Amino acid sequence: MTAVESVQQRAYAARWARRAAPGARSQAPSADRRLVVVSNRVSAPRGGRTGSEGGLAVGIRAALEEKGGVWFGWSGKTIERDPGGPSIFESGPVTYATVDLSKRDYEEYYNGFANRSLWPLFHYRLDLADFNRRYLAGYQRVNSLFAHRLVPLLKDDDLLWIHDYHLIPMAEHLRGMGCEQAMGFFLHIPWPAIEVLLALPNHRALVKSLCAYNLIGFQTENYRRAFLAYLSRELGAQIEPDGTVLAFGRRIRTGTYPISIDTADLAEAAAENAESRQIRRLQASIRERELIIGVDRLDYSKGLLVRVQAYEHLLRAYPANRGRVVMLQIAPPSRIDVPEYGQIRREMEAACGALNAAYSEFDWTPIRYLNKGFGRRMLAGFYRTAAVGLVTPLRDGMNLVAKEYVASQDPENPGVLVLSRFAGAAEELDGALIVNPYDLEGVAEAIQTALAMPLDERRARFHGMFERLQTYDIHAWWADYLSDLGA
Ligand code: GDG
C-alpha cells in the first residue's frame, strides 16, 4: 500500500467507524433544519417511480424522503419562450419545484458548457472539450435564473445542498442576492489535476464561485487534494490541516463523501429477482456459460470501447473461453443531442459488430450489446447472474454500477468485480481485481483470473466489500454530508 492509499484507507475507516457508532445519525445538528436540494434535473415521482433513475437521483430522494424538504431544478422540458416561475408539486414530505428551460438555455448551458466543456475536461478529455464563450454565458445565465427562481422559496435557516458541475456558480448568485443560509456543494464527477484544469479559460472564476459555499464535498480524497492543490498553488490560499481553506476572504470546509447505494434494498431485490421469469430466461439463454456483465450510460468516459477490445483479447489469448463465456453490455443512450455521444454510439456498434462477426459460431454469440435501459430490480437480477462484473471507466467520479454489482451478489456463490483504478470506487472496493483500462492485456488477464477464481477467494473478497457497503450506504452518505454541512 502506498502512503497516499494508506491515508485514504484511514480516512474511510474513520468515517465508517463514525457511521457505525450507535445513534450516530440522530445526533446530526442539521436534524431540525429544512433541506433544500438543487440539482440540474429533478425527478418528480408523477405516476410512480420509473425504476430507471440514476444514482444521483436515488441518493437525493433517499435524503429528502427521510428528512422532508424541497427539491429544486430543471423539469427536463424545453420550451420556445422564456421560462416562468417554478411548477410546484407536493408528494409526501417532499416539495418538488421545477423550472423549464428555453431551447437556447438547454443548448448553451446543458449541452454546451456542462456537457461539452466541463464534462470532457473533468474526465481528462481535453481533445473533446469545447470552450465556446456562448456556452459559458448560457451557463451563467441559467445559474442566475435558477437562483432568482429559488430565492422566493427559501427560509432563513434552510440547509441548501447543491449538486454537481452544472450548478457550480449557484451559491455565488444566491450570495449576490443576499442569501446567508448554509450552502453545501457536492461534486459527483472527478476534480481534475491542476494542469488539466488550467486548460479551462475561466478556471479562476469557476473556482472563485465554488468558494461561495460553506462545504465542498468530493467523492474521493484524491479529488479533494487536487482541489486543495489548485487553491494553494494557483491562488496562494491558506489550507488548514483539517482541509479548511481561506480563499477570496471566505472560510470554506472541504470533505470526502464517497456516494453509495441502498445496499440492503438492492441485495433484497437481487435475491428476490433471482427466480423471476426474465432472469430464468436470461439463464436459459446463456445455458452453462459464464456471464460477464457491463452496465453504463453510453458515455465516452466509461471505457466501453476498451472493454470490447479487452474482451476480444481474452478470446484471442485464452481461446478456451470461446463458446464458454458471454458478455452482456447494457448501454442506454445518453445526452443524445451532444455530437460526441453519437460518435461513441457508432464506434460501439462497429466494435461489437466486428467482434461478433469475427468470433461467433452457429450456436454462440460472444457479445450482446443492448442500447437500452432496464428497471433497477431487473438489473439487480442481471448482476447476480453474472460471474464477472466488468467496470472499466477511463475516469469516473465514483461509479455506482461497481457497488451495485457487489451488493447484488449471492453471498454463497458471489461473482468477481473487475474494476478500473480510475473509478472513484476503486479507493473503497479493495476486494475487486483492480485494472488499468488502458492496458488491454492486463484487463483480459484480470477477467481470466476472475473466471478461474476459487469459491473461497470469491467469498472472502465479496464479504469485505459487502460489509463496507452495508455500513457506508446511501443513507450514511447523505447523513454524513448533512451533518457536516449543518455543523
Ligand atoms: C455520475 C458520475 C457517480 C445505468 N443503466 C441503467 C441504470 N443505470 C444506473 C446504474 C447506476 C446509474 O445509472 C449510473 O451511475 P454511475 O455512478 O455508474 O454513473 P453516472 O451516471 O456517470 O453518474 C459517477 C454518480 O454520478 C453518482 O455520484 O458515481 O461517477 O459520473 O445507478 O444502475 N439504471 C436502470 N436501468 C439501466 O439500464 N434502472
Side-chain angles (χ1 to χ4, degrees), residues 28-42 56 59-60 63-64 67-74 86 94-99 109 114 118 139-189 191 205-219 223-224 227-228 231 237 240 242-257 259 477-487:
S30 58
D32 52 346
R33 291 163 74 180
R34 189 176 72 151
L35 174 62
V36 177
V37 173
V38 186
S39 66
N40 170 56
R41 274 297 291 275
V42 169
L56 178 150
I60 292 175
L64 279 169
K67 274 186 70 72
V70 179
W71 189 355
F72 178 95
W74 178 34
V94 188
T95 302
Y96 296 86
T98 59
V99 287
Y109 147 81
L118 291 183
Y139 183 68
Q140 288 297 357
R141 193 171 60 242
V142 170
N143 271 273
S144 161
L145 170 88
F146 272 27
H148 279 88
R149 296 289 183 273
L150 178 62
V151 165
L153 307 180
L154 294 179
K155 295 181 186 164
D156 285 350
D157 65 346
D158 282 343
L159 276 182
L160 267 71
W161 192 10
I162 292 161
H163 287 260
D164 227 0
Y165 60 103
H166 313 82
L167 300 174
I168 292 173
M170 184 85 190
E172 193 175 43
H173 287 284
L174 289 167
R175 299 274 185 232
M177 294 168 72
C179 296
E180 289 174 0
Q181 289 89 342
M183 292 184 206
F185 179 78
F186 184 77
L187 184 67
H188 289 258
I189 65 175
W191 183 268
L206 192 81
V207 171
K208 180 167 189 264
S209 64
L210 256 182
C211 293
Y213 290 93
N214 301 94
L215 173 66
I216 306 172
F218 298 90
Q219 301 269 31
Y223 307 149
R224 193 177 73 91
F227 176 69
L228 295 179
L231 288 177
E240 314 273 316
D242 66 354
T244 304
V245 180
L246 293 172
F248 300 107
R250 295 185 55 91
R251 176 179 287 274
I252 310 118
R253 286 175 295 139
T254 60
T256 303
Y257 309 88
I259 196 170
W477 171 73
W478 66 254
D480 219 6
Y481 185 92
L482 292 180
S483 152
D484 285 358
L485 177 60

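Computed over heavy atoms, backbone and side chain alike; hydrogens, waters and symmetry mates excluded. Just so it is clear, the structure is predicted and the values come from calculations on it, not from any experiment.
Atoms CG and NE2, on D164 and H188 in that order, are 5.0 Å from each other to the nearest 0.5 Å. Atom OG1 in T98 sits 10.0 Å away from atom CZ in R41 (nearest 0.5 Å). Within the model, atoms CG of L231 and NZ of K208 stand 13.5 Å from one another, a figure rounded to the nearest 0.5 Å.
Across G68 and L35, no two heavy atoms sit closer than the pair O-CB, 3.9 Å. Counting all heavy atoms, side chain and backbone alike, Y213 lies closest to I252 at O-CG2, 3.6 Å. Residue G486 comes nearest to L159 through the heavy atom pair CA-CD2, 4.0 Å, listed as atom of the first residue, atom of the second, then distance. Minimum interatomic distance between Q219 and I259 (heavy atoms only, all atoms of both residues): OE1-N, 3.0 Å. L215 and L485 make their closest contact through CD2-N, 3.6 Å (heavy atoms, listed as atom of the first residue, atom of the second, distance). When all heavy atoms of Y223 and I189 are compared, the pair lying nearest together is CD1-O, 4.4 Å.
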side-chain hydrogen bond (donor to acceptor under 3.5 Å, both in side chains) between Y165 and N40, intermediate numbers included: CA-CA 9 Å; Y165 60 103; N40 170 56; over 6 Å; no
Residue pair H163, I60: steps toward the side-chain contact (heavy atoms from CB on, under 4.5 Å) verdict: CA-CA 9 Å; H163 287 260; I60 292 175; 3.9 Å; yes
Stepwise side-chain contact (heavy atoms from CB on, under 4.5 Å) check, D480 with W478: CA-CA 5 Å; D480 219 6; W478 66 254; over 6 Å; no
side-chain hydrogen bond (donor to acceptor under 3.5 Å, both in side chains) between W71 and S39, intermediate numbers included: CA-CA 8 Å; W71 189 355; S39 66; 2.9 Å; yes
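A tilted orientation is assigned to the rings of W477 and W161, their planes being inclined by 30° to 60°. Taking the six-membered ring where tryptophan is involved, the planes of Y257 and F186 are perpendicular, since the angle between them exceeds 60° and thus also 30°.
Looking at Y139 and L206, their side chains come closer than 4.5 Å, going by heavy atoms from C-beta outward. Within the 4.5 Å cutoff, the side chain of I216 has no heavy atoms near those of the L187 side chain. Side-chain contact check for L167 versus V38: some heavy-atom pair is nearer than 4.5 Å. Contact check for F227 versus L210: side-chain heavy atoms found under the 4.5 Å cut-off. Inter-residue side-chain proximity for H166 and Y109 is flagged as met; some heavy-atom pair is nearer than 4.5 Å.
Of the residues Y96, F72, W74, the one that meets the side-chain contact (heavy atoms from CB on, under 4.5 Å) test with V42 is Y96.
More than 12 non-hydrogen atoms from other residues, nucleotides or ligands lie less than 6.0 angstrom from CG of D242.
Residues passing the side-chain hydrogen bond (donor to acceptor under 3.5 Å, both in side chains) test with S209, sequence neighbours excluded: none.
In this model, no donor atom of one side chain and acceptor atom of the other lie less than 3.5 Å apart for R253 and T244.
Ionic pairing of D158 and R34 is present here: one or more N-O contacts between side-chain nitrogen and carboxylate oxygen are shorter than 4.0 angstrom.
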Listing, residues 146-155 side-chain donor-acceptor contacts under 3.5 Å, not counting sequence neighbours, or none:
{"residue": "H148", "atom": "ND1", "partner": "S144", "partner atom": "O", "Å": "2.9"}
{"residue": "R149", "atom": "NE", "partner": "G84", "partner atom": "O", "Å": "2.8"}
{"residue": "R149", "atom": "NH2", "partner": "P83", "partner atom": "O", "Å": "3.0"}

Contacts under 3.5 angstrom, residues 172-180 side chains, donor-acceptor by atom type, not counting sequence neighbours:
{"residue": "H173", "atom": "NE2", "partner": "Q140", "partner atom": "OE1", "Å": "2.9"}
{"residue": "R175", "atom": "NE", "partner": "A212", "partner atom": "O", "Å": "2.9"}
{"residue": "R175", "atom": "NH1", "partner": "C179", "partner atom": "O", "Å": "3.1"}
{"residue": "R175", "atom": "NH1", "partner": "Q181", "partner atom": "O", "Å": "2.9"}
{"residue": "R175", "atom": "NH2", "partner": "Q181", "partner atom": "O", "Å": "3.3"}
{"residue": "R175", "atom": "NH2", "partner": "A212", "partner atom": "O", "Å": "3.3"}
{"residue": "R175", "atom": "NH2", "partner": "N214", "partner atom": "OD1", "Å": "2.9"}

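Between the side chain of R224 and the backbone N or O of T256, no donor-acceptor pair lies under 3.5 Å.
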